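Take a look at the structure below.
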Number of protein chains: 2
Amino acid sequence: MAETARGTESRYGNRPTMKDVAARAGVGLKTVSRVVNGESGVTPDTERRVQEAIEALGFRRNDSARVLRKGRTASIGLVLEDLADPFYGPLSRAVEEVARAHGALLINGSSAEDPDREQELALALCARRVDGLVVIPAGDDHRYLEPEIKAGVATVFVDRPAGRIDADTVLSDNYGGARDGVAHLIAHGHRRIGFIGDQPRIHTAAERLRGYRAAMEDAGLPVDEAWESLGTTDAQRVRAAAEAMLSGPAPVTAVFAGNNRVTVTVVRVLAGLSRPVALVGFDDFELADLLQPGVSVIAQDAAALGRTAAERLFRRLDGGQDAAPERIELATRLITRGSGELPPAE
Amino acid sequence: MAETARGTESRYGNRPTMKDVAARAGVGLKTVSRVVNGESGVTPDTERRVQEAIEALGFRRNDSARVLRKGRTASIGLVLEDLADPFYGPLSRAVEEVARAHGALLINGSSAEDPDREQELALALCARRVDGLVVIPAGDDHRYLEPEIKAGVATVFVDRPAGRIDADTVLSDNYGGARDGVAHLIAHGHRRIGFIGDQPRIHTAAERLRGYRAAMEDAGLPVDEAWESLGTTDAQRVRAAAEAMLSGPAPVTAVFAGNNRVTVTVVRVLAGLSRPVALVGFDDFELADLLQPGVSVIAQDAAALGRTAAERLFRRLDGGQDAAPERIELATRLITRGSGELPPAE
DNA sequence: TCCCGCGCTGACAACGTTGTCTAGGCTCTA
DNA sequence: TAGAGCCTAGACAACGTTGTCAGCGCGGGA
């Protein structure tokens, strides 16, 4: 009843299937399947009839059903922290390009730095039966992924290592990069250097702090507790942290910023100061060269991280399921633009 | 034969199914389904047995099969130009957030500004039977999506309108924004103003050019053909275009930049000049306030674009399939930071 | 002429899940 | 205590596709 006036061939959610195409073309179901998939063994005449029926009905193969039958989904999942973060854009794009080259689609989601949300997202992707997973961890316990990995979901962790499981990992040399950056400041005469970073539970933040301390220790410099500030990277906290270490009787003369969000806020704080303060930031960012002075940075290649991880993933999918987990570390590089070369202003 | 030494319960790609769980728990298939979906009508004792079997086997529901049976995939597709572009990051994230609020996942892909790739991507998403599609068009003919839309794929176009079909669209006021920006320059005394924009086949570029011309005409100013330059937004071309209009006997004294990529390159060119040249750019970008002078911009709210589009999409999915296509236009706003307020230097 | 083989085609089962329907055991009431 | 009704549970079909296999018609070799 309540038949609406819609055409009979295009009721919402009632798409034509191969069965419909077969009926219209007067052929068998399997023949349609063969035509759709470009398989051989179909007479040109039959093929033409099927093609016409496909056109006429607006048929499009249902890949959900195909996936169910074939077992592989030709899609991979990406769990990252925040798609809107300029660091993850290129990374995500690089993963997408590799996926595309392998004929796979990319499904992604943001964890918003929340371990529960990361887990929820990763497992939802597994339920969709993605062939593989690229994860930028928010949490530090990934045992929940063990059954999935065992079941064949190729999984690669990027930017931060997996927690409590052994898995493929692609990282930047956070420790070495930070050490180099701080050493650079020391080489320009600084003795009192501040470090402002992300929350210590985040691996990259911890590693960069370790690099900072190593550089200080290598130079035989003491580290005042007041010079180290780790926490969220929202502007308010970073601003307060910067202002604190830049005031008092023995303020820092240089700052090492733990990531691009921190750097940007620190630049703003320094812009309001009358005396010059040296700065090196972890992560490069657009326009860093146009600021005055240009901001010296430890650059990591986000696209390379993504590309390397995705390639590793597909290598595993293309027959290397049994390879031992690998840990790949990419080098960082110091880019000097002026801010890191300022001498200490006493 | 060739039985490998893997455990029997975890052969690759041989995940446990509800049938396995049912067998292990000694219950029927449907009972497992009920437990997994939290349906009522299962004794606590039975439920416990099923849960134990699920845990023991590491079972996870296969959403592919579920989708096939239920008809809805709880996922939407996003086709954009480039995930790595800082303008699309927040847009993408906003779409994701709305999708998440509706329990849907986001599948996305970049068209790289190639119409063929856009089509390929959009149709691949339709084959996956996404419930809806958010498209940032690269091409100007979207008739290929007509059968899909008719079949119930809720589709919303963002940032640029659909070509040759009638569909929901969410746009910024590109024409008005550009007109305001150029009028701002005129109000500060400029007479010779250059426009550098994206390729004219891209709707936003054409609209912004139209706004530029309107502002000039409103002020009774002539437009020299040499002041208008449209084309790709790679640094090389933009640099050449800027240098051309800034030289010669009657160089422009101000530039209106058609999007954020153009603006950045123009800023670099102007930084190498001795005389001040006024600049207003379309699109806000990070650190625009920290440059010297700060860059005045026409800001559009990328997140609002994405959010509005996604909300429109879900409203359509939640019962409004038959609503007439709507065109929503979001206002832009002028942010003055200095570069747009420079007087003409003759 | 007969038989074999090959090229094309379609019937059928299976992928893993959910909706429908029915069976069986229990409680409650008259 | 019998019958009605409810609650739990399972059998079965269906979603749309692909892999397997068997059948049919035709040509060529013995």
Side-chain angles (χ1 to χ4, degrees), chain A residues 11-51 53-54 57-74 124 126-131 151-152, chain B residues 11-51 53-54 57-74 124 126-131 151-152:
Chain A
R11 275 187 306 253
Y12 286 108
N14 230 347
R15 307 196 57 140
T17 70
M18 285 192 178
K19 208 166 142 191
D20 300 327
V21 175
R24 171 148 188 153
V27 301
L29 185 56
K30 183 65 222 226
T31 300
V32 177
S33 172
R34 273 190 268 260
V35 171
V36 169
N37 293 296
E39 287 171 29
S40 62
V42 182
T43 319
D45 180 58
T46 310
E47 174 163 0
R48 191 186 45 71
R49 285 216 316 285
V50 172
Q51 284 292 7
I54 288 177
L57 296 173
F59 167 80
R60 184 167 315 286
R61 181 179 64 197
N62 184 332
D63 276 359
S64 285
R66 174 168 222 249
V67 154
L68 177 60
R69 188 62 234 256
K70 301 207 80 160
R72 275 219 180 170
T73 58
C126 290
R128 295 291 166 104
R129 293 293 186 271
V130 290
D131 297 334
Chain B
R11 275 186 307 253
Y12 286 107
N14 230 346
R15 308 195 56 140
T17 71
M18 285 192 179
K19 209 165 143 191
D20 300 328
V21 175
R24 171 147 185 153
V27 302
L29 185 56
K30 182 65 218 221
T31 300
V32 176
S33 173
R34 274 190 268 262
V35 171
V36 169
N37 293 296
E39 287 170 28
S40 61
V42 181
T43 321
D45 180 57
T46 310
E47 174 163 0
R48 190 185 44 72
R49 284 215 319 283
V50 172
Q51 284 293 8
I54 289 177
L57 296 173
F59 167 81
R60 184 165 316 284
R61 182 179 64 198
N62 184 332
D63 277 358
S64 285
R66 176 168 220 252
V67 154
L68 177 60
R69 187 60 233 255
K70 302 206 80 159
R72 277 220 179 169
T73 57
C126 289
R128 295 292 167 102
R129 294 292 188 271
V130 292
D131 297 335

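Below, read A as the first sequence line, B as the second, and so on, with proteins coming before strands; counting in each chain starts at 1. Please read these numbers as outputs of a predicted model, since none were measured by experiment.
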Looking at every non-hydrogen atom in both residues, tell me the closest pair between [X] and [Y] and how far apart they are.
X	Y	result
A/V42	A/E47	CG1-N, 3.8 Å
B/R128	A/D63	NE-OD2, 3.9 Å
B/R15	B/G58	NH2-O, 4.0 Å
B/V35	B/Q51	CG1-NE2, 3.8 Å

- Query: What is the distance, rounded to the nearest whole Å, between atom CD of A/E39 and atom C1' of D/dT20?
  - Reply: 12 Å
- Does the side chain of B/T43 get closer than 4.0 angstrom to OP1 or OP2 of D/dC7 through an N or O atom? no
- Pairwise distance CE(A/M18) to NZ(A/K30) - rounded to 0.5 angstrom: 8.5 Å
- Query: With no hydrogens and no angle check, is any side-chain donor or acceptor of A/R60 less than 3.5 Å from a backbone partner on B/A127?
  - Reply: no
Can you name the side-chain contact (heavy atoms from CB on, under 4.5 Å) partners of [X], sequence neighbours left out?
X	value
A/N37	A/S33, A/E39, A/R61, A/R66
A/A23	none
B/V21	B/V32, B/V50, B/A53, B/I54, B/L57, B/F59
A/T17	A/K19, A/D20

- Message: Roughly what angle, to 10°, lies between the helix axis at the start of the helix from C/dT1-D/dA30 to C/dA30-D/dT1 and the one at its end, five pairs per end?
- Response: 60°
- Message: Contact list please: residues 60-74 of chain B against DNA chain D, heavy atoms, distance less than 4.0 Å, in numerical order.
- Response: B/L68, B/R69
For [X], side-chain hydrogen bond (donor to acceptor under 3.5 Å, both in side chains) partners two or more places apart:
X	value
B/D131	B/T73
A/R69	none
B/R48	B/D45, B/E52

Heteroatom pairs (N/O) under 3.5 angstrom, protein to nucleotides 22-28 of chain D:
none

- Message: Using a 4.0 Å cut-off on heavy atoms, which residues in residues 28-38 of chain B reach DNA chain C? List them by number, or say none.
- Response: B/L29, B/K30, B/S33, B/N37
- Can you give the first and last nucleotides of DNA chain C, 5' to 3', that have an atom under 4.0 Å from a heavy atom of chain A? C/dC8 to C/dG16
